[in-house]
There are 2 protein chains.
Amino acid sequence: MESEILSRLIAAFRSLPAVGQKSATRYAYKIIDMTEGEVQNLIDAIVDAKRTLHFCRECGNYTELLVCERCLSADKSTICVVRDPKDISAFERIGDYNGLYHALHGTLDFQKGINAEHLRIRELISRLNGVREVIVATNPDIGGELTATYLAQIIKPLGIKVTRLAHGIPMGGEIEYADELTLKRALSDRKEI
Amino acid sequence: MESEILSRLIAAFRSLPAVGQKSATRYAYKIIDMTEGEVQNLIDAIVDAKRTLHFCRECGNYTELLVCERCLSADKSTICVVRDPKDISAFERIGDYNGLYHALHGTLDFQKGINAEHLRIRELISRLNGVREVIVATNPDIGGELTATYLAQIIKPLGIKVTRLAHGIPMGGEIEYADELTLKRALSDRKEI
């Protein structure tokens with residue numbers, strides 16, 4: 001019974017990640033309530049991003065330049081290796097890291113036939129000149145762990161330190177509610193205080 | 001350090017209701033990953049909604065028609081009165097109601113100078129011919145309660161039943177965690193079983 005045009009807008013918003021019917025409906029009503037200028041601003045931002053962003057040829061993050069600003073200005077002694085550009089955004093938000101990034105655009109998955117040559121691993125190796133530490137910040141899942149082990153095997157022989165993010169109980173998290181795998185990891189990785 | 005164009009898209013998404021930095025970032029990356037066709041579909045849906053939707057002259061909900069389909073096809077013996085069109089969407093989702101709707105486009109707020117003539121109350125009165133029940137489904141806040149009381153005062157003398165949605169412990173909610181006001185209401189509105 002809802003307006004067909006409104007339903008179509010709600011359906012379009014549902015194509016965004018983790019947006020259900022309720023959020024999509026709220027977004028649609030907000031669009032109708034916005035001024036023409038505000039709607040135009042949103043559309044321009046979408047069109048510009050889609051038209052101009054591509055991968056930095058060095059790190060694989062999205063940029064409108066040939067080589068992104070980060071690659072030019074970063075401390076070049078450390079590279080933080082991630083699966084996807086959006087993982088770089090997560091690090092940028094905490095603001096504690098000023099080294100280089102490198103997006104692999106995936107992780108190893110032999111069952112799906114995703115081997116080293118399908119990822120940006122050759123590009124990573126070619127960037128290691130002058131690097132003293134490679135932080136492998138892939139997710140703690142099968143593909144992420146496998147990729148970390150693989151990278152350590154080929155990078156450590158070059159005399160470069162390879163590290164992995166710490167795993168454990170999340171800050172503010174309660175031990176009672178931690179899943180078993182996390183608790184096991186928190187125990188085995190315990191630190192002296 | 002993030003791409004300026006990406007930052008602008010993230011900022012634009014943050015203008016949607018309850019969208020924080022993390023969600024906006026995920027939406028922005030999704031846009032870049034979408035096909036040209038998918039992005040065009042989203043933009044078309046936004047533009048069409050903004051261009052063609054206006055208020056139904058009967059119920060005040062959004063429609064692309066002069067009088068919305070609901071007003072034409074509904075059971076006309078009941079009117080459900082809500083504050084905003086988006087409240088109608090909430091009822092549509094549950095699908096248990098097949099009467100008329102009426103959006104007031106606000107609730108009374110004498111401090112802010114919002115009186116009966118600023119709301120679509122005259123339009124509501126003009127629709128009461130043949131109506132046997134008016135369900136006042138404004139929010140259980142000061143303005144919503146005030147508006148419900150006001151409407152009851154002017155509609156009951158016309159011999160029409162005026163009802164209010166039940167309040168109480170939400171389904172699946174625990175009494176232990178209910179706020180005092182809700183618990184008081186649940187107690188005073190208790191029903192015989």
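Nothing here was measured: the structure is a model prediction, and the numbers come from that model. Below, read A as the first sequence line, B as the second, and so on, with proteins coming before strands; counting in each chain starts at 1.
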Novice: What part of Thr52(A) gets within 4.5 angstrom of chain B, counting heavy atoms only: side chain, backbone, both, or neither?
Specialist: side chain
Novice: Within the supplied structure, the quantity of interest is the number of heavy atoms (other residues, nucleotides, ligands) at a distance under 6.0 Å from Arg120(A) CZ; does it exceed 12?
Specialist: yes
Novice: Any salt bridge linking Glu123(A) with Arg57(A)? Criterion: basic side-chain nitrogen under 4.0 Å from a carboxylate oxygen.
Specialist: no
Novice: Does any backbone or side-chain atom of Asn61(A) lie under 4.5 Å from a heavy atom of chain B? Answer side chain, backbone, both or neither.
Specialist: side chain
Novice: Is Thr35(A) in contact with chain B via its backbone, its side chain, both, or neither, using a 4.5 Å heavy-atom distance?
Specialist: backbone
Novice: Just wondering, more than 12 heavy atoms not from Ile142(A) lying within 6.0 Å of its CD1?
Specialist: no
Novice: Contact part of Thr25(A) toward chain B, heavy-atom cut-off under 4.5 Å: side chain, backbone, both or neither?
Specialist: side chain
Novice: Can you find a heavy atom in the side chain of Glu58(A) that is under 4.5 Å from one in the side chain of His102(A)?
Specialist: no
Novice: So for Glu4(A), is it side chain, backbone, both, or neither that comes closer than 4.5 Å to the heavy atoms of chain B?
Specialist: both
Novice: With a 4.5 angstrom heavy-atom cut-off, is it the side chain or the backbone of Tyr27(A) that approaches chain B, or both, or neither?
Specialist: both
Novice: Among side-chain atoms of Glu133(B) and Thr163(B), is any donor-acceptor pair under 3.5 angstrom?
Specialist: yes
Novice: Could you tell me if Tyr29(A) and Ser89(B) have a donor-acceptor pair between their side chains, going purely by distance under 3.5 Å?
Specialist: yes
Novice: Of the backbone (N, CA, C, O) and the side chain (C-beta and beyond), which part of Gln40(A) lies under 4.5 Å from a heavy atom of chain B, both, or neither?
Specialist: neither
